[in-house]
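Remarks on the structure that follows.
Each residue takes its place number in the sequence, starting with 1. Note that the coordinates shown come from a computational prediction; the quantities given were computed from them, not determined experimentally.
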Amino acid sequence: MDVLADPAQAPTWLHEHGVSEVELDALVAARDLLQAVVRGTAAADTLGPLLRKAALRATATTAGLSWDLDVEDAERGAVRVVLAWDALRINSPGRLRTCANHECRRFLIDRSKPNTARWCSMATCGNRMKARRHYERTKTTP
Ligand SMILES: [Zn+2]
């Protein structure tokens, strides 16, 4: 289940999330790197190349600071997801993880008290994985 890899579904997802189609390739690359970083199979410095042309510029306003992302249009979505990951890493350590369904490319933010959530969605991945485990258990029973 990879909505961004499906040419029939990707345009709808991009539109719903305010991302232009020129951002898709870099966004998918950033997501895949972040999956490895969040799983612990890659170090965070592997994200460096995504940020090499990006800069945040602060402007003082009457209410505080306003931050503008200065980056090429095609890389805007990729940089935004890396910034979002970093904010979660700082503000909610240990709460961002990848979905336990290895066919799924989504992340989840665990807001539960025991911090044991495994699925991006119980309605999709959770029930699908439970049904698969049930099938595998009953299939091997004589
Ligand atoms: Zn999932």
Side-chain angles (χ1 to χ4, degrees), residues 1-140:
M1 175 170 46
D2 184 352
V3 171
L4 295 179
D6 181 348
Q9 295 183 53
T12 302
W13 188 95
L14 293 172
H15 178 74
E16 288 173 353
H17 292 84
V19 181
S20 70
E21 292 198 24
V22 299
E23 299 171 80
L24 180 60
D25 291 344
L27 184 65
V28 169
R31 183 209 48 199
D32 292 348
L33 279 174
L34 281 170
Q35 290 260 329
V37 170
V38 171
R39 284 192 172 114
T41 58
D45 63 358
T46 59
L47 301 168
L50 295 171
L51 305 171
R52 71 179 185 278
K53 295 180 191 168
L56 276 175
R57 300 199 192 289
T59 303
T61 70
T62 56
L65 296 182
S66 170
W67 292 90
D68 294 308
L69 178 60
D70 184 9
V71 66
E72 292 179 17
D73 288 344
E75 297 176 1
R76 183 168 301 280
V79 173
R80 286 175 52 206
V81 298
V82 172
L83 293 174
W85 161 78
D86 192 51
L88 284 165
R89 182 186 64 81
I90 293 167
N91 298 319
S92 303
R95 294 291 176 162
L96 178 71
R97 63 184 64 104
T98 58
C99 181
N101 175 1
H102 292 288
E103 295 170 6
C104 179
R105 305 299 294 162
R106 293 183 174 173
F107 294 89
L108 63 107
I109 301 168
D110 191 346
R111 294 183 173 92
S112 71
K113 193 168 185 172
N115 195 21
T116 55
R118 301 181 62 205
W119 320 110
C120 65
S121 161
M122 184 51 77
T124 56
C125 288
N127 288 337
R128 188 172 296 153
M129 297 306 286
K130 285 179 178 179
R132 185 176 299 166
R133 279 199 310 267
H134 175 74
Y135 171 77
E136 288 168 2
R137 269 196 314 267
T138 57
K139 166 175 95 170
T140 57

Between [X] and [Y], what is the shortest heavy-atom contact and its length?
{"X": "V38", "Y": "L96", "answer": "CG1-O, 3.6 Å"}
{"X": "C120", "Y": "L108", "answer": "N-CD2, 3.8 Å"}
{"X": "A100", "Y": "W119", "answer": "CB-CZ3, 3.5 Å"}
{"X": "A78", "Y": "A26", "answer": "CB-O, 3.4 Å"}
{"X": "A30", "Y": "V81", "answer": "CB-CG2, 3.8 Å"}

Spatial distance of atom [atom1] ([X]) from atom [atom2] ([Y]) [nearest 0.5 Å]:
{"X": "N127", "Y": "T124", "atom1": "CG", "atom2": "OG1", "value": "8.0 Å"}
{"X": "R76", "Y": "D70", "atom1": "CZ", "atom2": "CG", "value": "7.5 Å"}
{"X": "L14", "Y": "E21", "atom1": "CG", "atom2": "CD", "value": "6.0 Å"}
{"X": "R118", "Y": "C125", "atom1": "CZ", "atom2": "SG", "value": "11.5 Å"}
{"X": "D86", "Y": "L34", "atom1": "CG", "atom2": "CG", "value": "10.0 Å"}
{"X": "D68", "Y": "L56", "atom1": "CG", "atom2": "CG", "value": "8.5 Å"}

For [X] and [Y], indicate whether the former's side chain and the latter's backbone hold a donor-acceptor pair under 3.5 Å.
{"X": "T41", "Y": "A36", "result": "yes"}
{"X": "N115", "Y": "G94", "result": "yes"}
{"X": "R52", "Y": "P49", "result": "yes"}
{"X": "R95", "Y": "D110", "result": "yes"}
{"X": "Q35", "Y": "R105", "result": "yes"}
{"X": "E16", "Y": "W13", "result": "no"}

Do the side-chain N and O atoms of Q9 and T12 include a donor-acceptor pair separated by under 3.5 angstrom?
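There is no such pair between these side chains.
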Could you check whether atom [atom1] of [X] has more than 12 heavy atoms from other residues, nucleotides or ligands sitting under 6.0 Å from it?
{"X": "H17", "atom1": "NE2", "result": "yes"}
{"X": "R80", "atom1": "CZ", "result": "no"}
{"X": "R111", "atom1": "CZ", "result": "no"}

Set out, in order, the CA-CA distance, both residues' side-chain angles and the distance that settles side-chain contact (heavy atoms from CB on, under 4.5 Å) for F107 and L88, then state yes or no.
CA-CA 12 Å; F107 294 89; L88 284 165; over 6 Å; no
Is any side-chain heavy atom of [Y] closer than 4.5 Å to one of [X]?
{"X": "R89", "Y": "V37", "answer": "no"}
{"X": "T59", "Y": "L65", "answer": "no"}
{"X": "L4", "Y": "L24", "answer": "yes"}
{"X": "R106", "Y": "V3", "answer": "yes"}

